[in-house]
Amino acid sequence: MGLLSDPNRRRALTNLLTRLNTPICVLCYLAGVAWFMGLAFEPFTLRTYMSENAMGSTMVEERFPAGERALVTAREFGAHKRKSGAMPVDWLVKTMQSRGLEVYTQSFSRRLPFPDENKERYMVRGTNVYGILRAPRAPRTEALVLSAPCSPDNSNNQAVGLLLGLAQYFRSQIYWAKDIIFLVNEHDLIGMQAWLEAYHHTNITGMDWAPLHGRGGSIQAALSLELSSDVVTSLDLVLEGLNGQLPNLDLANLFYTFCQKQDILCTIQEKLQRSDWDSVSGYSQAVQTMALMVLKQASGRPWGDHGLFLRYHIESATIRGINSFRQYKTDTTTVGRLLEGMFRKLNNLLERLHQSYFFYLLPSLSRFVSIGYYMPAFGFLAVILLLRALDLWVQLGALPSVTEDGVGSRALPLQSSSPSLVSILTPVVISHLTGAALYTLPVLSQELAVQHFPVSETEAVVLTAIAIYTAGLALPHNTHRYSSIAKQGWRVLKLVAVLYLAVLLSCTALINFSLGFILALTLVPVAAFVTPHVPKVLSAVVMVLLAPGCTLLYCVFAFQELQEAPVSLIDGWMLFLSVISQGMLDHALYGSLVYPLLALFIYPCWLILWNILFWK
Amino acid sequence: SNPPVAPEISSSVALDFVLIGRTSAFLLLHQARAERFFRSDHTNNWAVLVCTSRFWFNYRHVANTLSVYRSVKRLGIPDSHIVLMLADDMACNHRNPKPATVFSHKNMELNVYGDDVEVDYRGYEVTVENFLRVLTGRLPPSTPRSKRLLSDDHSNILIYLTGHGGNGFLKFQDSEEISNVELADAFEQMWQKRRYNELLFIIDTCQGASMYERFYSPNLMALASSQVGEDSLSHQPDLAIGVHLMDRYTFYLLEFLEDIHPASQANMNDLFKVCPKSQCVSTPGHRTDLFQRDPGSVLITDFFGSVRKVEITMETINLTPHTETALAYVDQLPVAQIIHQKPKQKDWHPPDGFILGLWTLILLVFFRTYGIKHLKHIF
């Protein structure tokens, strides 16, 4: 008889499974964590290399001469910005026209769901200005974008100045095969979202924008520039975009090769390159860089103006100039040459960047970990859930045989028969309703909260969210009174919960590995060990500590630690509150999916597990 | 009496003898020169120059082809006898910072595009089918003369191919390939239709030597820029244009050809020495076993130029026919030799460890399942 159809052998297998379940689960968890930590270990990573044939090596001769003139333009821009208080639209239009571009403006307005305290805005109205450099001899089918944000304070003036300087230089060259769009966007991400939505004729987020009068072709690549000082000591590359999406690795490779050619210090996560990656300190720096990237990716917010391009399958990155206390300074001309070189190489592209990886982690600029190497870390954690599910299935299958053997009265089969659908659905439905409340109520009830409590709207929203979250903890004691469920019904509910969590986390990890992995790190142990039979108080405390909300808190503290700017508890708490409000705003403004995922799916799942803990 | 006449007769006879001797010496000299004049059988020259890759980063393949075109034109082959096939237009590419030029040397020393380039097959017309049709002559009646290879049995043809290739194939335009077997068969068709007298085949791609491995028709000489398993490398990038301008082999070939003039006596052995491994990094190869004449007696201008030698003579010269005839149609390589022109059989190796292990496993399982007692039935 076959292995699985022979009842003896099957019973032996299932016994093995039940006996070894916990040890294997623990082993898998440790293996998953160890695999993740081992990803940054230098012999396990690969050197980055240019995959796109059309971009070849760095053999172009960059001749951009006008760095100083760009700085003069930047000062003019700063002066006009200060005078007008907002973006100097007329001056920008006039300057771009004098450089020979086709200039257009776009106005947009948006009312945020609640005031943004970080950026101090509520009712946003602005104008984007962009100039198109038409390719001299090519048909207008493809375009590249160079953008610089117009910030309300005195920052990013040099970025706009360099953008205008490059525009003038590029205009006098004849080798452009794609249109180049020079964009100055106001109110950073909101302006960028308005421009992109208008460019692609979509309206995802309900913003109010004027249609674009001038358009280039389909955008192949975009670079966003942030430069706030006349000289820089290093250039930082920011890759993480909306919902954890990353541009093609070739864009990072391109930046790195040109940095090496121009002899500029390049960083990622603001950490420098080093030569001894296989030493202990090298490994710890690699792990820190990778952990920072994981945390940034998991947050689902765009970390630069480039982050919104990725949704439209446009490879984009942000280059940020950093001026720290270092001896070797790079002037604007060299930064301009770097951008010129990158644009010339992007000009050579015949199709969109697709040869290199779209899913990767970067422990440093010169090393990468591709999806094939990092997915097993998550796989180990998901296997734990599947093993638990198998174990529960076996236990559920074993129950009817016990009652058949036992001397039971007629009444017993009724009680110990599998619980009805209603009794399983009730906790599930109530949990999801709580999740829905967590998603909708904070924003809707901010008026009410402001009337009754002395808080601002933002605080009201965040505190309502936390209140609903904490109120969910009180649920289990209410659901039991209304339905009489069999004693073993919790197994079915747990099976449902574990499988649901497995599906959720796997789907999340496929799209945004970092988010899935971080959630799995805390939720999988909870899902694995929780039963009504574990000590209640201790488990309740552990469960609360490993809940999604606290996971977010730990991530905030970890993020600050890794950035070498550790915060005290009070500051950390304030930061945590602002992170919640930012998450809600990101969802409303740009369509970030982290907040709905956490509120509508992860939190109800956790509530179901909480329910199981308090099963009577 | 007699004596005064004899010395005159003898002297005149002697003079006659001397005259006859000088005439015959003169005739012998003419004969030798005439024989040298007819050293090669060809009366006209053709060239088929093909660049098979498109896209801006394959600039160097177009520059390769155009530099050979330039040399061939300079040495006398007219445009009507050149079939030039370029798969992409680099001179007018939007990315070319110097429009209407194709440079072969960096710092823009030499523009091989020039003013009078006649491209016969351009862009998407460069396909394997069109190339083979040009070679074999099977073109539709509407094809203009400039697109035909109108060679006869006294034509020497130069065929130059460049692009991306591999072991046994050459890639045309990113979408199709021509294999070495197809090429060999095309040349055989040309031989059977008496479309060439002698043919020189030059290929500058990676693993180019694999393309001439399968030739089996007579009077073929072949050169390649690299052996099987080697890559042909590009020569130098120009930073202003931003691409590699030429491949190494053709770059040194062009340098070599720039020194050739129509009266040059350089022969094929010099051509074989072009671009040694120290310059080319890959090992150029050549094949002469199918060629009847000694490569040392074959002039470069027999293939690269269209050299008409005219000698004016007042004498009548008796030409003796060739004692050994050129290879007639029926005498070409016998079929058995054609079919068995496979790569040499490797020496017999004992079976792989994997196969041994697999068989051991099978035998072990067999004996374990059915018992060792069956062993006696085997032996």
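Only this structure's heavy atoms are used, side chains among them; waters, hydrogens and symmetry mates stay out. Throughout, a chain's letter reflects where its sequence line sits, starting with A, and its residues are numbered from 1. Model, not experiment: these values are computed from the prediction.
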With the side chain counted from C-beta on, respond yes when B/His94 and A/Pro136 share a heavy-atom pair under 4.5 Å apart, and no when they do not. no
Once you round to the nearest 0.5 Å, how far does CZ of B/Phe55 lie from CG of A/Asn348? 12.5 Å
Measure the CZ-CG distance between A/Arg137 and B/Asn96 for me, rounded to the nearest 0.5 Å. 6.5 Å
Neighbour count above 12 (heavy atom, 6.0 Å) for A/Arg134 CZ: yes
Heavy-atom pair of closest approach, residues A/Ala54 and B/Phe57: CA-CD2, 3.5 Å
Looking only at non-hydrogen atoms, find the nearest pair between B/Arg95 and A/Leu349 and report the distance. NH2-O, 3.1 Å
Using non-hydrogen atoms and a 4.5 Å limit, figure out which bit of B/Asn93 sits close to chain A: side chain, backbone, both or neither. backbone
Quick check for you: to the nearest 0.5 Å, what is the distance between B/Lys98 atom NZ and A/Ile174 atom CD1? 7.0 Å
Non-hydrogen atoms of chain B under 4.5 Å away: do they reach the side chain of A/Ala135, the backbone, both or neither? neither
Backbone of B/Gly242 reached by a side-chain donor or acceptor of A/Arg344 within 3.5 Å: no
